[in-house]
Q: 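Quick one: this structure, given as structure tokens, is what I'll be asking you about.
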Protein chains: 2
Amino acid sequence: MLLVANSDYDVAVTEATNSGAATVPSRRGRGDKSSPTIYDIAKLAGVNPSTVSRALSKPGRVSAKTQKIIEDAAEQLNYRVNPFARALPTGRTQTFGLIVADITNPTFFDIIRGAESTGSSRDYTLVLAESAESADTEVTASRRMLSTVDGLILASPRMDDEQIRALAADKPVVVINRDVDGVPCVVPDVTKGIGQAVRSLAANGHKQIAYVAGPAQSWMSARRWEGVQSASEWSKLGAVRVESSKPTVDGGRYVARDILDSGATAVITYNDLLAIGLMQELQAAGVRVPDQISIVGFDDIFGADFTTPPLTTVRSPLGECGSRAATLLLDMLHGNEGPSGAIHVDTELVVRGSSGRLLA
Amino acid sequence: MLLVANSDYDVAVTEATNSGAATVPSRRGRGDKSSPTIYDIAKLAGVNPSTVSRALSKPGRVSAKTQKIIEDAAEQLNYRVNPFARALPTGRTQTFGLIVADITNPTFFDIIRGAESTGSSRDYTLVLAESAESADTEVTASRRMLSTVDGLILASPRMDDEQIRALAADKPVVVINRDVDGVPCVVPDVTKGIGQAVRSLAANGHKQIAYVAGPAQSWMSARRWEGVQSASEWSKLGAVRVESSKPTVDGGRYVARDILDSGATAVITYNDLLAIGLMQELQAAGVRVPDQISIVGFDDIFGADFTTPPLTTVRSPLGECGSRAATLLLDMLHGNEGPSGAIHVDTELVVRGSSGRLLA
DNA sequence: TTGTATGCGTTATCAG
DNA sequence: CTGATAACGCATACAA
């Protein structure tokens with residue numbers, strides 16, 4: 001399990017000047033080593049610990065005067081709340097979870113980033129776990145995590161709708177990259193991006209286009225295939241679907257043969273990794289990209305522009321998805337009701353060098 | 001803050017069969033909603049809660065018979081310890097921290113991965129935080145985190161030695177990618193990899209080689225420059241140092257002009273990002289790689305082989321560094337003394353297409 | 001508005 | 001080997 005620490009959660013500190021000698025405020029009872037508690041503050045401020053607790057957690061439930069006294073004392077002692085002690089009586093942990101299929105997959109990277117940064121800006125700590133691409137470990141990881149966090153974000157979950165709803169019944173849950181009925185979702189609308197991609201391809205003389213599919217259980221892969229089909233129909237292009245073994249660079253390499261056999265002159269892949277592997281293999285076989293075959297990836301991950309030619313891709317605003325999911329979740333944690341339908345974010349085509357005019 | 005969840009920390013569960021109807025074991029006093037505690041187990045097992053605690057935490061401090069009874073009861077109730085409640089009296093959190101400069105930097109990715117996986121295998125949860133490349137936020141983040149975790153790993157820290165030692169005085173600390181006196185360190189030994197790189201360059205006819213430096217505060221960048229210097233001397237090559245504005249792809253682009261002006265025909269960069277940006281810019285200017293200029297990166301990050309030609313690079317075993325740092329830290333947490341000197345791991349040259357024979 | 005008393009789930013100390 | 005009981009640090013009903 002991995003946890004991303006937010007940066008707040010303690011009283012502002014102006015580093016009490018190391019003034020003179022022995023005025024070190026005496027710590028608690030036993031071994032000096034431990035950090036100050038609300039009891040120390042209470043003693044120093046001349047109030048009851050419970051008042052300190054109120055002053056530091058709830059705002060405005062204490063007189064402005066004592067509020068200031070307490071804050072000053074806290075600052076002077078360099079006080080920080082003990083998150084564990086706080087979590088015990090309240091049940092709230094100021095923490096939310098995010099489950100991804102693979103921590104090292106750059107696709108999830110931006111999601112993580114987005115979720116952690118908006119979480120952090122609202123004093124929440126992100127707890128991260130990966131499912132190792134397995135639906136089973138995904139549900140166990142979720143279950144386990146749910147007992148430790150205040151809410152949960154599921155990114156491209158592989159488990160089935162019913163299991164997701166079961167989790168959502170326990171604590172607030174938000175899903176990314178998939179539309180689950182009855183559960184708040186943030187899902188990129190692929191139609192715009194795919195539409196742009198297919199029209200661009202058509203304008204460049206392509207007649208037959210192939211879609212390299214992702215994992216069978218991937219809800220998103222299905223949506224993307226649908227998008228490619230309908231856009232192709234609209235643009236009067238033929239569209240064929242080619243299966244991949246796994247959504248990785250290697251998976252892209254393995255699929256090169258099938259692409260060649262398909263007769264397509266342009267291909268859209270489920271994700272950028274597949275596109276990169278495919279392009280490498282094609283080029284290694286002497287196929288010129290984009291002169292002979294145009295390649296369009298999906299997501300615009302880190303490194304998509306490292307290739308030669310740089311990869312044309314349908315950018316999915318992963319960072320925004322993570323960020324909006326976190327916002328949604330945090331709002332729910334603060335009493336707001338989740339939205340009824342799914343929240344859609346736009347995708348857009350990023351034209352780089354791997355797609356272009358078909359040369360006879 | 002980000003936290004990577006480990007996968008254990010609960011009693012094995014065999015999913016009590018949904019046998020019949022109303023035999024749901026009654027939960028605690030009030031609202032049914034909460035999870036079972038050791039009190040529930042105690043009641044069900046007919047023993048005292050404290051005995052349950054002993055049976056579940058310490059091994060062998062309870063009779064084999066009651067041990068089994070308790071474990072069975074725990075399993076039946078689907079019991080999981082409450083980490084917060086446990087942390088309170090013990091101070092131990094089964095958690096360790098990792099501070100990196102930038103979560104999205106692929107260099108740290110493998111470190112994170114390595115640390116989290118070996119941590120997880122020993123029932124520890126990784127807490128991750130980033131310093132946003134600032135020494136100041138780095139030390140505050142470390143301080144804050146130190147109060148929440150059992151130990152800390154610092155990856156490529158920017159703060160100065162004294163601050164690191166101060167942290168290490170509080171709780172176990174391990175440093176990666178830097179040698180700090182008096183603190184356990186895991187640092188790649190660059191001499192081997194750089195030696196291989198320079199000899200390979202020399203063998204390919206290069207006479208003058210440039211090093212593109214990283215951030216001024218980077219301890220590692222200094223070591224790498226030293227390595228390049230001494231290896232060049234040994235191979236009778238000239239070596240010049242070129243400064244970069246920032247250790248990113250863009251930083252690499254900006255430095256292209258200086259490289260051309262330097263007269264070097266081969267360049268080794270502080271990291272792969274710089275190498276990739278440099279290569280892109282050079283190629284855009286019509287320079288052929290590696291025919292006219294050879295480029296060697298550092299680290300072998302994700303995407304280093306996406307480029308054309310694929311990047312030759314000195315691989316730094318980042319994953320192993322993270323893993324060994326975690327092992328070290330966890331050992332220290334379990335009473336073992338930290339090693340006296342730094343632990344060194346080897347680097348090695350990965351020859352790909354961006355380096356080769358110099359064509360007149 | 002503030003103080004008092006109690007509980008959160010677990011471990012640790014002491015008896016028995 | 002096991003049971004009672006007091007912390008751990010904080011929050012909260014309730015009383016003042």
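Naming: A, B, ... by sequence-line order, numbering from 1 per chain. Bear in mind that the values here come from a model prediction, so they are computed numbers and not experimental data. Excluded from the calculations below are hydrogen atoms, water molecules and symmetry mates; all remaining heavy atoms, backbone and side chain alike, are included.
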Q: Pick out which of B/V81, B/I70, B/T51 makes a side-chain contact (heavy atoms from CB on, under 4.5 Å) with B/L56.
A: B/I70
Q: Surrounding CZ of A/R165 (heavy atoms of other residues, nucleotides or ligands, distance under 6.0 Å), is the total greater than 12?
A: yes
Q: What residues form a side-chain contact (heavy atoms from CB on, under 4.5 Å) with B/T148, not counting sequence neighbours?
A: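 Here the qualifying residues are A/F84.
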Q: When you measure from the side chain of A/Q67 to the backbone of A/A55, do you find a donor-acceptor pair of N or O atoms at a distance under 3.5 Å?
A: yes
Q: Over how many whole Å does the gap from B/N82 atom CG to D/dC10 atom C1' extend?
A: 14 Å
Q: How many whole angstroms separate atom CD1 of B/I70 from atom P of C/dT11?
A: 12 Å
Q: Can a salt bridge be assigned to the pair A/R113 and B/D102 using a cut-off of 4.0 Å between side-chain N and carboxylate O?
A: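 Looking at B/D102 together with A/R113, the answer is yes, because their closest N to O distance falls below 4.0 Å.
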Q: Establish, from distance only, whether the side-chain atoms of B/N82 and B/R80 form a donor-acceptor pair under 3.5 Å.
A: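 No pair is found: no donor N or O on one side chain lies under 3.5 Å from an acceptor on the other.
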Q: Could you tell me whether the side chains of B/T95 and B/D150 share a donor-acceptor contact shorter than 3.5 Å?
A: no
Q: Quick check on the helix from C/dT1-D/dA16 to C/dG16-D/dC1: what's the angle between its two end axes, five base pairs per end, to the nearest 10°?
A: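 Computed from the C1' atoms at both ends, the axes differ by 40°.
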Q: Starting at atom CD1 of B/I41, determine the distance to atom P of C/dT11, rounded to an integer number of angstrom.
A: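 Going from B/I41 (CD1) to C/dT11 (P), I get 10 Å.
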Q: Under 4.0 Å between any heavy atoms, over every strand shown, what does B/V47 touch: base, sugar-phosphate, or nothing? Just pick one.
A: sugar-phosphate
Q: Can you measure B/K68 atom NZ to D/dT2 atom P for me and round it to whole angstrom units?
A: 15 Å
Q: Would you indicate which nucleotide in C/dT10, D/dC10, C/dT2 comes nearest to any side-chain atom of A/A85?
A: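 The listed nucleotide nearest to A/A85's side chain is D/dC10.
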Q: Does a side-chain N or O of A/Y79 approach OP1 or OP2 of D/dC10 to a distance below 4.0 Å, or not?
A: yes
Q: What is the separation between atom CG on B/L88 and atom P on D/dA6, rounded to the nearest whole Å?
A: 17 Å
Q: Whole angstrom is fine here: how far is it from CZ in B/F84 over to C1' in C/dT11?
A: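 So the CZ-C1' distance, B/F84 to C/dT11, works out to 17 Å.
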Q: Would you kindly compare B/Q67 and A/V52 by the position of their nearest DNA chain D nucleotide and give the one closer to the 5′ end?
A: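 Closer to the 5' end of DNA chain D: B/Q67.
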Q: Would you kindly give the NZ-to-P distance between A/K43 and C/dG3, to the nearest whole Å?
A: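 Atom NZ in A/K43 sits about 15 Å away from atom P in C/dG3.
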Q: Below 4.0 angstrom from OP1 or OP2 of C/dC8, is there any side-chain N or O of B/T37?
A: no
Q: Evaluate A/R143 against A/E138 for side chain to side chain contact (heavy atoms under 4.5 Å, CB included), listing each step before the verdict.
A: CA-CA 9 Å; A/R143 267 270 150 257; A/E138 190 177 78; over 6 Å; no
Q: Using a cutoff of under 3.5 Å, can you pull out all pairs of nitrogen or oxygen atoms linking the protein to nucleotides 12-16 of chain D, with atom names and distances?
A:
| from | atom 1 | to | atom 2 | distance (Å) |
| --- | --- | --- | --- | --- |
| D/dT12 | OP1 | A/R92 | NH2 | 3.2 |
| D/dT12 | OP2 | A/K58 | NZ | 2.6 |

Q: CG of B/L56 versus P of C/dA12: gap in Å, rounded?
A: 14 Å
Q: Treating A/Q163 as the side-chain partner and A/D160 as the backbone partner, does any N or O pair qualify as donor plus acceptor under 3.5 Å?
A: yes
